Amino acid sequence: QVQLVESGGGSVQAGGSLRLSCAASGYSNSGYCMGWFRQAPGKEREGVAAIDGDGNTSYADSVKGRFTISQDNAKNTLYLQMNSLKPEDTAMYYCAAGARSPAILVVVTAGYGMRYWGKGTLVTISS
């Protein structure tokens, strides 16, 4: 059974940093895309960042230059380093995996094709 468990969320002031982690179990990421998505209250889910089976990364325009996605295959863990956080980054952040798609497609479609989803970790940024 595949499980994705996010951690690292919390409350920080604007300008601060957080690092999210997504530990995957029962899952081999070879050739598949993994990514981060978020949903703010009253808004639709949006793609934040993804890394595909070829190692290509893609980011939403709103986070480019501030967020970095990475993965440790040995630990089967996906990370999202978030710097220069803004109040508009406040959302529930979800990890997802399992699409055989380019990273850019997964981001712009907010996760089309992703077969597995975590339960999320809450990020709150105060001004």
Side-chain angles (χ1 to χ4, degrees):
Q1 183 179 0
V2 176
Q3 277 194 317
L4 302 176
V5 180
E6 303 95 335
S7 61
S11 298
V12 299
Q13 288 191 325
S17 298
L18 286 171
R19 188 175 83 151
L20 305 184
S21 299
C22 172
S25 60
Y27 174 76
S28 173
N29 196 42
S30 177
Y32 293 96
C33 191
M34 292 190 76
W36 290 96
F37 305 83
R38 66 187 183 187
Q39 188 166 20
K43 294 189 177 182
E44 294 187 352
R45 186 179 70 205
E46 63 173 338
V48 175
I51 182 166
D52 61 29
D54 293 324
N56 300 309
T57 59
S58 183
Y59 297 89
D61 288 343
S62 60
V63 307
K64 281 180 182 176
R66 300 189 296 123
F67 291 11
T68 303
I69 189 171
S70 62
Q71 60 185 23
D72 184 332
N73 290 328
K75 295 182 178 180
N76 229 12
T77 300
L78 183 73
Y79 302 100
L80 184 69
Q81 178 66 44
M82 306 187 296
N83 299 328
S84 302
L85 284 161
K86 303 176 180 179
E88 51 264 44
D89 294 319
T90 294
M92 186 71 79
Y93 283 70
Y94 299 92
C95 170
R100 280 198 178 276
S101 303
I104 187 170
L105 181 64
V106 166
V107 170
V108 298
T109 60
Y112 177 79
M114 292 299 220
R115 292 181 290 162
Y116 309 109
W117 291 83
K119 295 183 178 181
T121 186
L122 183 63
V123 171
T124 304
I125 311 302
S126 57
S127 57

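All values derive from a computational prediction rather than experimental measurement.
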Report the C-alpha distance between Lys119 and Glu6 in whole Å, list the side-chain angles of each, state the deciding distance to 0.1 Å, and finish with yes or no for salt bridge (Lys or Arg N to Asp or Glu O under 4.0 Å). CA-CA 7 Å; Lys119 295 183 178 181; Glu6 303 95 335; over 6 Å; no

Under the criterion salt bridge (Lys or Arg N to Asp or Glu O under 4.0 Å), I'd like the reasoning laid out for Asp89 against Lys86: C-alpha separation, chi angles, the key distance, then a yes or no. CA-CA 5 Å; Asp89 294 319; Lys86 303 176 180 179; over 6 Å; no

Might you work through the side chain to side chain contact (heavy atoms under 4.5 Å, CB included) test for Val12 and Leu18, ending with a clear yes or no? CA-CA 8 Å; Val12 299; Leu18 286 171; 3.8 Å; yes

Give the C-alpha distance, both sets of side-chain angles, the deciding distance and a yes or no for side chain to side chain contact (heavy atoms under 4.5 Å, CB included) between Trp117 and Phe37. CA-CA 10 Å; Trp117 291 83; Phe37 305 83; 3.6 Å; yes

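In this structure, the side chain of Asn83 does not engage the main chain of Ser17 through any donor-acceptor pair within 3.5 Å. Asp52 places a side-chain N or O within donor-acceptor distance of the main-chain N or O of Ala103, the cut-off being under 3.5 Å. Side-chain atoms of Gln81 never come within 3.5 Å of backbone atoms of Thr68 as a donor-acceptor pair (strictly under, hydrogens ignored).
Listed here is the closest heavy atom pair of Ser127 and Ala14: CA-CB, 4.3 Å. Here the closest heavy-atom approach between residue Val106 and residue Cys33 is recorded as CG2-SG, 3.7 Å. Considering all non-hydrogen atoms of both residues, Val2 and Gly26 come closest at CG2-O, 3.2 Å. Shown here for Ser58 and Val107, the closest heavy-atom pair between the two residues is O-CG2, 3.7 Å.
Under the side-chain contact (heavy atoms from CB on, under 4.5 Å) criterion, Asp72 pairs with Ala74, Lys75, Tyr79, sequence neighbours left out. Under the rule for a side-chain hydrogen bond (donor to acceptor under 3.5 Å, both in side chains), Gln39 has no partner lying at least two apart in sequence or in another chain.
Note on Tyr93: it clusters hydrophobically with Val63, by side-chain heavy-atom contacts below 4.5 Å among ILVMFWY residues. When hydrophobic clusters are built by joining Ile, Leu, Val, Met, Phe, Trp and Tyr residues whose side-chain heavy atoms come closer than 4.5 Å, directly or via intermediates, Met114 is not grouped with Ile51. Put simply, Met92 and Leu85 are part of two different groups of oily side chains (I, L, V, M, F, W, Y) that touch within less than 4.5 Å, one to the next. By the criterion of side-chain heavy atoms lying less than 4.5 angstrom apart, applied directly or through intervening Ile, Leu, Val, Met, Phe, Trp or Tyr residues, Trp36 is grouped together with Tyr116 in one hydrophobic cluster. Met82 and Val48 fall within the same hydrophobic cluster, defined by Ile, Leu, Val, Met, Phe, Trp and Tyr side-chain heavy atoms under 4.5 Å apart, directly or through other members.
One finds the OG atom of Ser11 at 6.5 Å from the CG atom of Leu122 (value rounded to the nearest 0.5 Å). Note that CG of Leu80 is 12.0 Å distant from CE of Met34, once rounded to the nearest 0.5 Å. A distance of 8.0 Å separates CD in Glu88 from CZ in Arg38, rounded to the nearest 0.5 Å. Atom OG1 of Thr121 and atom CG of Leu20 lie 6.0 Å apart (nearest 0.5 Å). For the atom pair SG (Cys22) and CG (Leu4), the distance works out to 4.5 Å, reported to the nearest 0.5 Å. Distance check: Ile104 CD1 to Tyr59 OH gives 13.0 Å after rounding to the nearest 0.5 Å.
Other residues, nucleotides and ligands place more than 12 heavy atoms under 6.0 Å from the CG atom of Leu105.
Under a cutoff of 6.0 Å and an axis angle of 45°, Arg45 and Tyr94 do not form a cation-pi pair.
Between Tyr27 and Tyr32, the ring planes lie tilted relative to each other; the angle falls in the 30° to 60° range.
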